[in-house]
Amino acid sequence: MMRFAVVFLVSVLALTSASIDFQEYSAEIIQRINSMDTTWKAGPNFLGETLESVIARLGVKYPLPVEKRLPLYFHEDVSDIPVTFDARQKWPKCTTISLIRDQAACGSCWAFGAVEAMSDRECIHNNIQVNISAEELNSCCKTCSLGCGGGFPNAAWEFWKTHGLVSGGLYNSKSGCQPYSIPGCDHYEPGHLKPCGPVVPTPPCHHTCRTGYNVTFDKDRHFGGRVYRIPSKVKQIQKELMMNGPVEADFTVYADFPTYRSGVYQHKTGTALGGHAVKILGWGVEGGVDYWLVANSWNPDWGDKGYFKIKRGDDECGIEDDINAGIPKKI
């Protein structure tokens, strides 16, 4: 029922939010959060943005198609789970785990959360340092949905298994076959880029690599060997992170979340804006509150250097509802 309510609220807001300045809209929210005795702090973000443009970055389509969900994978042994865990520390040679990307003015979070975890797992399981291309996934996966208009995380993982994905790093990086083609923009105030503005059109799908890249498109593909989802149980998610690496999750974003600066986020005020996909890479405890450690795709300026913590164990905003993952095909 909550997912349907989110769809309705976003539809209503989309009709009324084109001229609403996000900083004016969120000023009262920030004051309210920072006056509460709660677990996190808020601050002004998205300078020069409208509420509509912020909503457009929340690209997970709800309701998720139940009939197309990935098969469940259960860990039989969920013992020996530590109090804290950070994938960056367990696999320090895998540099992609600590990379914060920028989806820019595009609702491609569903693709970013997926390729970030896929890249990490290519290193963990195949010992390959590679940035899987968000560009190709966002532009070419027609079964995933609408590119910058949003998509389904589970379909992204299925696409990795059936079609494979080439390499591709950040915008203007000349890294890999298909780097991201949409320039980064500010998600934080004060920022050093330009405001993101309205969502941009989805870049066209190309089956060629950039000029100067010395590997052919077909030879550059990386495939998923097995893809699945993890049950909505804390210990199951923790065991998956410990054994196989970061996972993709999605959750309902309320109007207070974009103002996050530090601490352990939990929803306190504001209406539902939409669904957002992210990468979970660990967990811990802060001030007696259990949390998940999460990488966002709003560049390193936003939040806590691009990361945030969200309350763990109570399915906060649905963060434990839809955990997608997979094992790369052995090279």
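Heavy atoms only: backbone and side chains are in, while hydrogens, waters and symmetry mates are out.
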- Message: Main chain of G176, side chain of R210: is a donor-acceptor contact present, judged purely on distance under 3.5 Å?
- Response: yes
- Over all heavy atoms of both residues, which pair between W157 and G326 is shortest? Give the atoms and the distance, please. CZ3-N, 3.4 Å
- Aromatic centroids of W40 and H267 separated by under 6.0 Å: no
- Please walk me through it: do I331 and I128 pass side chain to side chain contact (heavy atoms under 4.5 Å, CB included)? CA-CA 9 Å; I331 304 299; I128 296 173; 3.4 Å; yes
- State whether a side-chain donor-acceptor pair under 3.5 Å links N296 with H187. no
- Task: May I have the step-by-step check of side chain to side chain contact (heavy atoms under 4.5 Å, CB included) for N138 and T202, ending in yes or no?
- Result: CA-CA 8 Å; N138 184 55; T202 303; 4.1 Å; yes
- Relative to the ring of Y265, is the ring of F257 parallel (under 30°), tilted (30 to 60°) or perpendicular (over 60°)? perpendicular
- Message: Using a 3.5 Å distance criterion without hydrogens, assess whether the side chain of W283 forms a donor-acceptor pair with backbone atoms of P82.
- Response: yes
- Task: Just do the salt bridge (Lys or Arg N to Asp or Glu O under 4.0 Å) check on R121 and E240 with the steps written out, would you?
- Result: CA-CA 12 Å; R121 285 168 175 245; E240 177 65 18; 2.8 Å; yes
- From I81 atom CD1 to H75 atom NE2, the distance as rounded to the nearest 0.5 Å: 9.5 Å
- Message: In terms of relative ring orientation, are F251 and F308 parallel, tilted or perpendicular, with 30° and 60° separating the classes?
- Response: tilted
- Query: Would one find more than 12 heavy atoms of other residues, nucleotides or ligands at under 6.0 Å from atom CD of E67?
  - Reply: yes
- Task: Measure the shortest side-chain to side-chain distance between Y73 and R226 over non-hydrogen atoms and say whether it is less than 4.5 angstrom.
- Result: yes
- Sub-3.5 Å donor-acceptor pair from the side chain of N154 to the main-chain atoms of K68, do we have one? yes
- Message: Could you check whether atom NZ of K305 has more than 12 heavy atoms from other residues, nucleotides or ligands sitting under 6.0 Å from it?
- Response: no
- Message: Assess whether a salt bridge exists between E248 and K279, defined as any Lys/Arg side-chain N lying under 4.0 Å from an Asp/Glu carboxylate O.
- Response: no
- Between Q129 and T96, a side-chain donor and acceptor under 3.5 Å: no
- Can you find a heavy atom in the side chain of W160 that is under 4.5 Å from one in the side chain of V227? yes
- Nearest heavy-atom contact between F217 and C177 is CD1-SG, 3.8 Å
- Could you give the distance from CD1 (I33) to CG (D256), rounded to the nearest 0.5 Å? 4.5 Å
- Message: Between D186 (side chain only) and L193 (backbone N and O only), is there a donor and an acceptor less than 3.5 Å apart?
- Response: yes
- Measuring from M118:CE to D120:CG, what's the distance to the nearest 0.5 Å? 11.0 Å
- Query: Is the closest side-chain donor-acceptor distance between D77 and S79 under 3.5 Å?
  - Reply: yes
- Do I30 and P44 come close enough that some side-chain heavy atom pair is under 4.5 Å? yes
- Message: Is any side-chain heavy atom of V130 closer than 4.5 Å to one of H222?
- Response: yes
- Under the side chain to side chain contact (heavy atoms under 4.5 Å, CB included) rule, what do L273 and L51 come out as? Steps first, then yes or no, please. CA-CA 9 Å; L273 301 182; L51 177 58; 4.2 Å; yes
- Item | Side-chain donor or acceptor of K330 paired with backbone N/O of H125 under 3.5 Å | yes
- Task: Side-chain contact test, heavy atoms from C-beta onward, threshold under 4.5 Å: evaluate it for I319 versus I280 and give yes or no.
- Result: yes
- Query: For residues Q266 and T39, is any side-chain donor paired with an opposing acceptor at under 3.5 Å?
  - Reply: yes
- Item | hydrophobic_cluster_shared for I20 and Y254, side chain cutoff 4.5 Å | yes
- Message: Applying a strict under-4.5 Å side-chain criterion to I, L, V, M, F, W and Y, I'd like to know whether L241 and Y228 cluster together.
- Response: yes
- Common cluster, I323/F85, ILVMFWY with side-chain heavy-atom separation under 4.5 Å: yes
- Donor-acceptor pair between R261 and N45 side chains, under 3.5 angstrom: yes
- Query: Does a donor on one side chain and an acceptor on the other come within less than 3.5 Å for S119 and N131?
  - Reply: no
- Identify the two heavy atoms, one from V166 and one from R221, that lie closest to each other, and give their separation to 0.1 Å. CG1-CG, 4.0 Å
- Message: If I take atom NZ from residue K233 and atom CG from residue D315, how far apart are they, to the nearest 0.5 angstrom?
- Response: 10.5 Å
- Query: What's the shortest heavy-atom distance between V199 and C148, and which atoms?
  - Reply: CG2-O, 3.6 Å
- Please confirm whether K61 makes a cation-pi placement over F152, using NZ or CZ under 6.0 Å from the six-membered ring centre and within 45° of the ring normal. no
- Item | Any side-chain heavy-atom pair of Y307 and I100 under 4.5 Å | yes
- Query: With the 4.5 Å side-chain cut-off for hydrophobic clustering, are M242 and W292 part of the same group?
  - Reply: yes
- Task: Would you check if K268 and I29 make a side-chain contact, meaning some heavy-atom pair closer than 4.5 Å?
- Result: no
- Using the benzene-type ring in the case of Trp, are the ring centres of F46 and W298 under 6.0 Å apart? yes
- Message: I want to know whether W302 and Y260 have ring centres closer than 6.0 Å.
- Response: yes
- At what distance, to the nearest 0.5 angstrom, does CD1 of I55 lie from NE2 of H276? 13.5 Å
- Query: Just by distance, do the side chain of D21 and the backbone of T50 share a donor-acceptor pair under 3.5 Å?
  - Reply: no
- NZ or CZ of K329 within 45° of F223 ring axis and under 6.0 Å: yes
- Message: Quick one about T269 and R32 (side-chain donor to acceptor, distance below 3.5 Å, no hydrogens or angles considered), yes or no?
- Response: yes
- Query: Does the side chain of S108 pick up a donor-acceptor pair with the side chain of Y180 at under 3.5 Å?
  - Reply: yes
- Message: Run T84 and L293 through side chain to side chain contact (heavy atoms under 4.5 Å, CB included) and show every step you take.
- Response: CA-CA 10 Å; T84 64; L293 176 63; over 6 Å; no
- Any chance you could measure L170, atom CG, to L99, atom CG, to the nearest 0.5 Å? 5.0 Å
- Item | No-hydrogen, no-angle side-chain donor-acceptor test under 3.5 Å, H206 and Q178 | no
- Query: For C185 and N299, which heavy atoms make the closest approach, and how far apart are they?
  - Reply: O-ND2, 2.9 Å
- Task: Verify, without hydrogens or angle tests, whether S53 (side chain) and E49 (backbone) share a donor-acceptor contact under 3.5 angstrom.
- Result: no
- Shortest non-hydrogen pair, P258 vs F22, comes out as CB-CZ, 3.7 Å
- Message: Can a donor-acceptor pair be found, under 3.5 Å and without considering hydrogens, that links the side chain of R229 to the backbone of L70?
- Response: yes
- Item | Any donor-acceptor pair under 3.5 Å from D102 side chain to A104 backbone | yes
- Task: Compare all side-chain heavy atoms of V60 with those of C109 and state whether any distance is below 4.5 angstrom.
- Result: yes
- Query: Distance-only, no hydrogens or angles: does the Q103 side chain make a donor-acceptor pair with backbone N or O of R57 under 3.5 Å?
  - Reply: yes
- Task: Could you state whether F74 and V234 fall into the same hydrophobic cluster, counting links through intermediate Ile, Leu, Val, Met, Phe, Trp or Tyr residues with side-chain heavy atoms under 4.5 angstrom apart?
- Result: no
- In terms of side-chain heavy atoms, does E135 have a donor or acceptor partner in S181 at a distance below 3.5 Å? yes
